[in-house]
2 protein chains.
Amino acid sequence: MRRDVFQAIADPTRREIISLIAHQSLNVNAVAGNFDVSRTAIYKHVKILTECGLIVIKKQGRERFYEAQLEKLHEISDWVEQYRQFWNARLDALENYLNETRPREKKPGKR
Amino acid sequence: MRRDVFQAIADPTRREIISLIAHQSLNVNAVAGNFDVSRTAIYKHVKILTECGLIVIKKQGRERFYEAQLEKLHEISDWVEQYRQFWNARLDALENYLNETRPREKKPGKR
DNA sequence: CTATTTTGCAACCAAAAGGTTTCATTTTAT
DNA sequence: ATAAAATGAAACCTTTTGGTTGCAAAATAG
């Protein structure tokens, strides 16, 4: 089964889980309390998140605390950033176009 | 059907399509030539990419050229960046730990 | 005009995804 | 020693995903 970070964060529930445990470690029931799906459904989402390294599980007695470990997000960041020049280029082109078609508005000063 | 950028870039084929047309506009057949799936399969991937705004289609005679429009990637960037502090914090903690446990290596200077 | 290209899309299919209920196991609390 | 709590995972179900073949329509080439 495909288990990469891109696929892991594609699901909105998993993104919410990340946002929950980023601030404090929680166990399954605590996480599940924030959603209207079953504990098992959350358990499976968390399994996917651990399998791709975004979460680690800390055992404490009969409880398992989920702890965010978000370094792997750099894969996403790196991928997106390689394209930043492309979308900036488009925005620059738009800006130039506007400057050329309305050349007499020299500055955004008071009207 | 869910049609957000997160889901769009989750598929590796779609990420490859983006990387292909980021550099030059191509039509379906040209794109499909780079993969071992059918033209229709690519057509459907591109449909998803246009539906979420990452690609625009320029009509030219009987051909349709796919053009990358990657501004929407900022949604991904924004989401990831909000967590950068978390993973940096962890890396900093690791660094501090190493510095504390090996305090006599004052500087990385010549040995 | 007719043949060829290029595209759009319906119909269909297998596998993956996301969810549920159910039950066993491990720990803790009384 | 029991009851309760927390978790792991199997079995099952429905919808979505990613892919296919086949065919019709639009535009171009000869």
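Note on naming: letters A, B, ... go to the chains in the order of the sequence lines (proteins, then strands), and numbering restarts at 1 for each one.
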B/R62 meets the salt bridge (charged side-chain N to carboxylate O under 4.0 Å, His left out) criterion, sequence neighbours left out, with none
Separation of D/dG8 atom P from A/E63 atom CD, nearest Å, is 11 Å
Residue pairs meeting salt bridge (charged side-chain N to carboxylate O under 4.0 Å, His left out), one or both in residues 38-49 of chain B, sequence neighbours left out, come to B/K47-B/E51
With the side chain defined as heavy atoms from C-beta on, A/H45 is closest, among D/dG19, C/dG8, C/dG19, to C/dG19
### Side-chain touch A/Q7/A/C52, heavy atoms, less than 4.5 angstrom
no
Winner on side-chain proximity to B/I48, out of D/dG18, C/dT20, C/dG18, is D/dG18
Contacts of A/E63 meeting side chain to side chain donor-acceptor pair (under 3.5 Å) (sequence neighbours excluded), chain-then-number -> A/N27
Residues at least two apart in sequence or cross-chain that pass side chain to side chain donor-acceptor pair (under 3.5 Å) with B/N96, listed by chain then number, are none
Across all chains, not counting sequence neighbours, the ring pair (Phe, Tyr, Trp, His ring centres under 6.0 Å) partners of B/W87 are none
Rounded to whole Å, the CZ-P distance (A/F65 to D/dA5) equals 16 Å
Protein heavy-atom contacts under 4.0 Å, written 5' to 3' over nucleotides 21-27 of chain D as B (base), S (sugar-phosphate only) or - (none), form the string BB----B
- Message: Strictly below 4.0 Å: does B/Q7 bring a side-chain N or O up to OP1 or OP2 of D/dT17?
- Response: yes
Residues at least two apart in sequence or cross-chain that pass side chain to side chain donor-acceptor pair (under 3.5 Å) with A/R64, listed by chain then number, are none
Rounded to whole Å, CZ of B/R14 lies from C1' of D/dT16 at a distance of 12 Å
Taken to the nearest whole Å, CD1/A/I9 to P/C/dA17 is 16 Å
From the list A/L70, A/I17, A/I48, side-chain contact (heavy atoms from CB on, under 4.5 Å) with A/L54 holds only for A/L70
A/K44 atom NZ is separated from D/dA11 atom P, nearest whole Å, by 13 Å
Separation of C/dT26 atom C1' from A/I57 atom CD1, nearest Å, is 16 Å
In whole angstroms, the gap separating P of D/dG18 from CD1 of B/I42 amounts to 12 Å
What residues 16-32 of chain B contributes to the DNA chain D interface at heavy-atom separation below 4.0 Å is none
ask   = Do any side-chain nitrogens or oxygens of A/Y43 fall under 4.0 Å of OP1 or OP2 in D/dT7?
value = no
From CG of B/D4 across to P of D/dT17 the rounded distance in Å is 10 Å
Across all chains, not counting sequence neighbours, the side chain to side chain contact (heavy atoms under 4.5 Å, CB included) partners of A/Q24 are A/L26
